[in-house]
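In what follows, a single structure is set out as structure tokens and then discussed.
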Amino acid sequence: YFSLLNNFSPDWIAFTAYINQVEEVKRLADVTKKKFFNVKVVVGGVHAAVCPHDFFPSNIDFVCFKNQRNAFKSLLEEELTNLIFSPSNP
């Protein structure tokens, strides 16, 4: 994972998660932010759609929970809408 990130050096990292992967995604977000503190971390998927609050508190910047493809596209276009849940936009 980190060798890929070191080679690519992304601005954004996106995860998807089922219920049994929430803690692992939060852990990966934490270790990723420690190494790449400027990267934006986004999560979507089945569990994010049903229980977006399960991903906070953590180093996840945004949780896409409705119309996930469109929400992620809007996020990348810096057009945050009410389709995005973040601690500053409950």
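No experiment lies behind these values; they were computed from the predicted model shown.
Note on Val50 and Tyr18: separate hydrophobic clusters, where clusters join Ile, Leu, Val, Met, Phe, Trp and Tyr whose side-chain heavy atoms are under 4.5 Å apart, directly or indirectly. Cluster membership for Leu4 and Val42, using ILVMFWY side-chain heavy atoms within less than 4.5 angstrom, is not shared. Two different hydrophobic clusters hold Phe56 and Ile19 under the rule that ILVMFWY side chains link at heavy-atom gaps under 4.5 Å.
Rounded to the nearest 0.5 angstrom, Ile60 CD1 and Leu28 CG are separated by 9.5 Å. One finds the CG atom of Asp61 at 13.5 Å from the CZ atom of Phe55 (value rounded to the nearest 0.5 Å). Taken to the nearest 0.5 Å, the NZ atom of Lys40 stands 12.5 Å off from the CD1 atom of Ile13. Here Phe8 contributes atom CZ and Phe36 contributes atom CZ; the two are 11.5 Å apart, rounded to the nearest 0.5 Å.
Applying the salt bridge (charged side-chain N to carboxylate O under 4.0 Å, His left out) rule to pairs touching residues 12-27 yields Glu23-Lys26, Glu24-Arg27, sequence neighbours excluded.
His47 has its side chain within reach of Asp54: a pair of non-hydrogen atoms, C-beta onward, lies under 4.5 Å apart. Residues Asn6 and Lys35 form a side-chain contact, since some pair of their non-hydrogen atoms from C-beta on lies under 4.5 Å apart.
Counting heavy-atom neighbours within 6.0 Å of Leu5 CG, excluding the residue itself, gives a total above 12. The 12-atom threshold is exceeded at CG of Asn7, counting heavy atoms of other residues, nucleotides or ligands nearer than 6.0 Å.
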Before you tell me yes or no, could you show the steps for Phe62 and Val41 under side-chain contact (heavy atoms from CB on, under 4.5 Å), namely the whole-Å CA-CA distance, both residues' side-chain angles and the distance that decides it to 0.1 Å? CA-CA 7 Å; Phe62 302 98; Val41 178; over 6 Å; no

Under the side-chain contact (heavy atoms from CB on, under 4.5 Å) rule, what do Val43 and Cys64 come out as? Steps first, then yes or no, please. CA-CA 6 Å; Val43 69; Cys64 299; over 6 Å; no

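Summarising the geometry of Pro52 relative to Ala49, their closest heavy-atom pair is CD-O, 4.3 Å, with the distance given to 0.1 Å. Nearest approach of Pro10 to Val39, heavy atoms of both residues: O-CG2, 3.6 Å.
Here Thr32 pairs with Tyr1 under the side-chain hydrogen bond (donor to acceptor under 3.5 Å, both in side chains) rule; sequence neighbours left out.
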